[in-house]
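Everything on this sheet refers to the single structure shown next.
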Amino acid sequence: MGLFHRRDTVALSGENASDKSLTKKEQGSPYEPLWVVLGLANPGQQYLGTRHNIGAEAVEECARELGLSLRPEKGVSAILAAYDDGDKKLILAISNTYMNESGLAARDLKKRYGLVDLSHLVIVHDELDLEPGIIRIKLAGGTAGHNGLKSIQSCINSSDFTRIRIGIGKPSSNRSGANHVLGRPGKSEREILDTAVTQAASAIKWITDHGVAAAMNKYNTSR
């Protein structure tokens with residue numbers, strides 16, 4: 001967790017034989033097991049470690065576990081890495097736009113990889129309506145006022161994508177929602193969210209290995 005996390009850890013680096021871009025031509029059939037996972041965040045040092053960036057932290061952790069390097073790609077509003085183990089093709093990406101323009105990254109990725117099945121577009125994001133650390137998987141539905149999700153829905157003209165929701169809890173009565181999501185958690189909450197980041201990274205792999213329904217059964221019944 002180097003690029004989007006507050007801790008002074010080593011940023012993702014190095015090459016991997018699987019770390020290559022997959023073009024629409026290489027993708028072949030639209031029914032091929034291609035997954036595109038997009039973590040939402042605000043770019044810039046001032047937003048590192050904020051609650052709003054928790055989705056990006058999870059994608060970054062998943063990339064680290066797979067030995068991948070996230071890097072900019074021309075024509076895509078995100079940094080990304082590609083993984084192909086022969087059974088699935090996985091694109092891990094983090095939007096490099098501000099949160100309210102996250103849809104630009106989703107649209108770019110959808111177009112670049114010719115993604116047809118929008119359930120295979122997985123958005124990882126913070127969720128005010130869940131207690132800190134709770135992970136839930138959701139297929140399609142509304143945005144619950146999340147600016148990143150609203151932007152995605154608008155840019156791809158659909159809400160049929162999959163979401164990994166990472167709970168950050170609601171703000172206290174004397175604090176605005178904006179201040180809450182853009183704030184950094186205290187030590188005890190940070191420890192809870194660190195665990196959630198690891199669980200969300202595992203959820204990414206579970207979804208792409210076993211499918212959305214299986215992931216919902218696994219993660220939506222546990223705390």
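From a predicted model like this one, the values you see are computed outputs, not experimental measurements. FYI, side chains are in, hydrogens and waters are out, and symmetry mates aren't considered; it's all heavy atoms of this structure.
- Applying the side chain to side chain donor-acceptor pair (under 3.5 Å) rule to Thr97 yields no partners; only residues at least two apart in sequence or on another chain are considered.
- Residues meeting the side chain to side chain contact (heavy atoms under 4.5 Å, CB included) test with Ala93, sequence neighbours left out: Leu38, Ala78, Leu80, Leu109.
- Under the 4.5 Å side-chain contact rule for hydrophobic residues, Tyr98 and Val59 share a cluster.
- With values rounded to the nearest 0.5 angstrom, Leu121 atom CG is found 9.5 Å from Arg163 atom CZ.
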Which atom pairs, one a donor and one an acceptor, fall under 3.5 Å between side chains of residues 147-156 and the rest of the protein, sequence neighbours left out?
{"residue": "Asn147", "atom": "OD1", "partner": "Lys150", "partner atom": "NZ", "Å": "3.4"}
{"residue": "Ser151", "atom": "OG", "partner": "Asn100", "partner atom": "O", "Å": "3.4"}
{"residue": "Ser151", "atom": "OG", "partner": "Ser102", "partner atom": "N", "Å": "3.4"}
{"residue": "Ser151", "atom": "OG", "partner": "Gly103", "partner atom": "N", "Å": "2.8"}

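- With a 4.5 Å cut-off on side-chain heavy atoms, Leu115 and His120 count as touching.
- Put simply, the side chain of Arg190 does not reach to within 4.5 Å of the side chain of Arg184, judged on heavy atoms.
- The minimum heavy-atom distance between Gly167 and Leu193, with the atom names listed, is O-CD2, 3.5 Å.
- A continuous path of Ile, Leu, Val, Met, Phe, Trp and Tyr side chains, each step under 4.5 Å between heavy atoms, connects Leu118 with Val76, placing both in one hydrophobic cluster.
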query: Can you check side chain to side chain contact (heavy atoms under 4.5 Å, CB included) on Asp84 and Leu90, steps first, answer last?
result: CA-CA 6 Å; Asp84 185 350; Leu90 170 61; over 6 Å; no

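- Note on Leu182: it clusters hydrophobically with Ile168, by side-chain heavy-atom contacts below 4.5 Å among ILVMFWY residues.
- Partners of Asp209 according to the salt bridge (Lys or Arg N to Asp or Glu O under 4.0 Å) rule, which considers only residues two or more places apart in sequence or in another chain, are Lys88.
- Considering only residues two or more places apart in sequence or on other chains, Ala200 meets the side chain to side chain contact (heavy atoms under 4.5 Å, CB included) condition with Ala58, Ile135, Ile164, Ile166.
- Within the 4.5 Å cutoff, side-chain heavy atoms of Asn53 are placed close to those of Thr50.
- Note: Ser95 OG to Ile79 CD1 = 9.0 Å, rounded to the nearest 0.5 Å.
- Applying the ring pair (Phe, Tyr, Trp, His ring centres under 6.0 Å) definition to pairs two or more places apart or across chains, none involves residues 157-192.
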- prompt: Under the side chain to side chain contact (heavy atoms under 4.5 Å, CB included) criterion, do Ser119 and Asp160 qualify, and how do the steps go?
  reply: CA-CA 6 Å; Ser119 72; Asp160 291 340; over 6 Å; no

- request: Start with the C-alpha distance between Ile91 and Val37, add both sets of side-chain angles, then the distance that settles side chain to side chain contact (heavy atoms under 4.5 Å, CB included), and finish with yes or no.
  value: CA-CA 6 Å; Ile91 307 301; Val37 179; over 6 Å; no

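- A single hydrophobic cluster is seen to contain both Val197 and Leu66, as judged by linkage of ILVMFWY side chains at heavy-atom distances under 4.5 Å, directly or through other members.
- Residues meeting the side chain to side chain donor-acceptor pair (under 3.5 Å) test with His52, sequence neighbours left out: Asp126.
- With hydrogens and angles ignored, the 3.5 Å screen pairs no side-chain donor or acceptor of Asn220 with any backbone N or O of Arg136.
- Inter-residue side-chain proximity for Val116 and Leu34 is flagged as unmet; no heavy-atom pair is nearer than 4.5 Å.
- Remark: Cys62 SG to Tyr83 OH distance equals 9.5 Å, nearest 0.5 Å.
- Partners of Lys170 by side chain to side chain donor-acceptor pair (under 3.5 Å), not counting sequence neighbours, listed by chain and number: Asp129.
- Taking 4.5 Å as the limit, some side-chain heavy atom of Ser77 sits within range of a side-chain heavy atom of Asp108.
- At a threshold of 4.5 Å between non-hydrogen side-chain atoms, the residues His146 and Leu40 count as touching.
- Considering only residues two or more places apart in sequence or on other chains, Glu65 meets the side chain to side chain donor-acceptor pair (under 3.5 Å) condition with Lys205.
- Once rounded to the nearest 0.5 Å, the distance linking CD of Glu73 with CZ of Arg71 reads 7.0 Å.
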task: Evaluate the side chain to side chain contact (heavy atoms under 4.5 Å, CB included) criterion for residues Leu70 and Ile94: first the C-alpha distance (whole Å), next the side-chain angles of each, then the deciding distance (0.1 Å), finally the verdict.
output: CA-CA 8 Å; Leu70 292 159; Ile94 295 173; 3.8 Å; yes

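- At a threshold of 4.5 Å between non-hydrogen side-chain atoms, the residues Val122 and Ile204 do not count as touching.
- Rounded to the nearest 0.5 Å, atoms OG (Ser69) and CG (Leu92) are 11.5 Å apart.
- The salt bridge (Lys or Arg N to Asp or Glu O under 4.0 Å) test applied to Arg165 returns Glu127, not counting sequence neighbours.
- Across Ala201 and Glu61, no two heavy atoms sit closer than the pair CB-CG, 3.7 Å.
- Summarising the geometry of Ile137 relative to Ala203, their closest heavy-atom pair is CD1-CB, 4.2 Å, with the distance given to 0.1 Å.
- Within the structure, salt bridge (charged side-chain N to carboxylate O under 4.0 Å, His left out) pairs that include any residue of residues 44-55 comprise Arg51-Glu189 (at least two apart or interchain).
- In this view, Ala214 and Trp206, His210 satisfy the side chain to side chain contact (heavy atoms under 4.5 Å, CB included) rule, not counting sequence neighbours.
- Under the 4.5 Å side-chain heavy-atom criterion for Ile, Leu, Val, Met, Phe, Trp and Tyr, Leu128 and Tyr47 are members of the same hydrophobic cluster.
- Atom OG1 of Thr162 sits about 8.5 Å away from atom CE of Met216, to the nearest 0.5 Å.
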